[in-house]
Amino acid sequence: MEAKNVQEQMHLLKELQDIDSVVGRVRQDRQQLQQELGTLDAEVERVRAMVAGLQESLESLQAERREFEQALIQERDNVARAEGRLPSIKTQKEYVAVLKEVDTAKKMNRDIEERIKAKDGEIAALEGEKQEKDQELAAQEEKAAQRRGEIEARLAEMDAVLSSRESERGTIFEQIPVPTRKRYQMLLERRGGLAVVEARQGACQGCNMQLPPQVFNSLYRQEEVMTCPHCHRLIFLSGPERA
Ligand SMILES: [Zn+2]
């Protein structure tokens, strides 16, 4: 059933505005919390990617180290084989040649051993770095999970508020005559969620502009739903000015 007189209509419009103000604020808070969830996820993801990068570098260092070890085994074999040939050598020339071969292979071994040692240093440093990042990730994940829980609880509360407010809104909305309803809705969208405002001390509280005296006179008489001539919001009187 639609409201008949202006007083009733204004009353409904004010209620509607109160609900829409709450709904607007809750939606805004809701959006902020959802953004925060996104930020939390992104932060965890960032550290996780760093850990994965370190793991990859570590694996490639270990693969390089294994290659050096293989090379070392081969060089040690070469040394053993050459040394094994020494007792059966007949000529001095050949003996010198094999000794030289052994010497070169041993030098090579020392070189490879040095490289393995260097790799071990790199690996140890990287392992330390990764361990730190692992801890950072675990702390980050824990923090995010805790905050996520808080946010999700808040979001559930907000959803409950929104759904109850929206059903209240529907009941009020359908009591307002269609043209006023449409005007309200349009103003709500175009005037930053504020469609109904008080006229106080001669001014519209929506845009702070002075209202002409005839607008005030009409507001007192309550013959029609009045709008601010400047911002076109729906205006009402309340408090002492009303009486
Ligand atoms: Zn105004």
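When a ligand or atom number is given, it counts from 1 through the structure's own listing order.
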Neighbouring protein N, O or S atoms of the Zn ion (ligand 1), below 2.8 Å: 4
If two hydrophobic side chains count as joined below 4.5 Å and joins carry through other members, does Val23 share a cluster with Leu234? yes
My understanding is that only residues two or more places apart in sequence, or in another chain, count here; which of them pass salt bridge (Lys or Arg N to Asp or Glu O under 4.0 Å) with Lys119? Glu64, Glu122
Is there a side chain to side chain contact (heavy atoms under 4.5 Å, CB included) between Arg30 and Leu162 once you walk through the steps? CA-CA 10 Å; Arg30 199 178 189 291; Leu162 285 179; 3.9 Å; yes
Go through it in stages, so that I can follow the logic: the residues are Leu86 and Ile89, the test is side chain to side chain contact (heavy atoms under 4.5 Å, CB included), and I'd like the CA-CA distance, side-chain angles, deciding distance and then a yes or no. CA-CA 5 Å; Leu86 284 175; Ile89 287 171; 3.9 Å; yes
How close do Lys130 and Leu54 get, heavy atom to heavy atom, and via which atoms? CA-CD1, 3.7 Å
Where do Ile112 and Phe68 come nearest, in terms of heavy atoms and distance? CG2-O, 3.4 Å
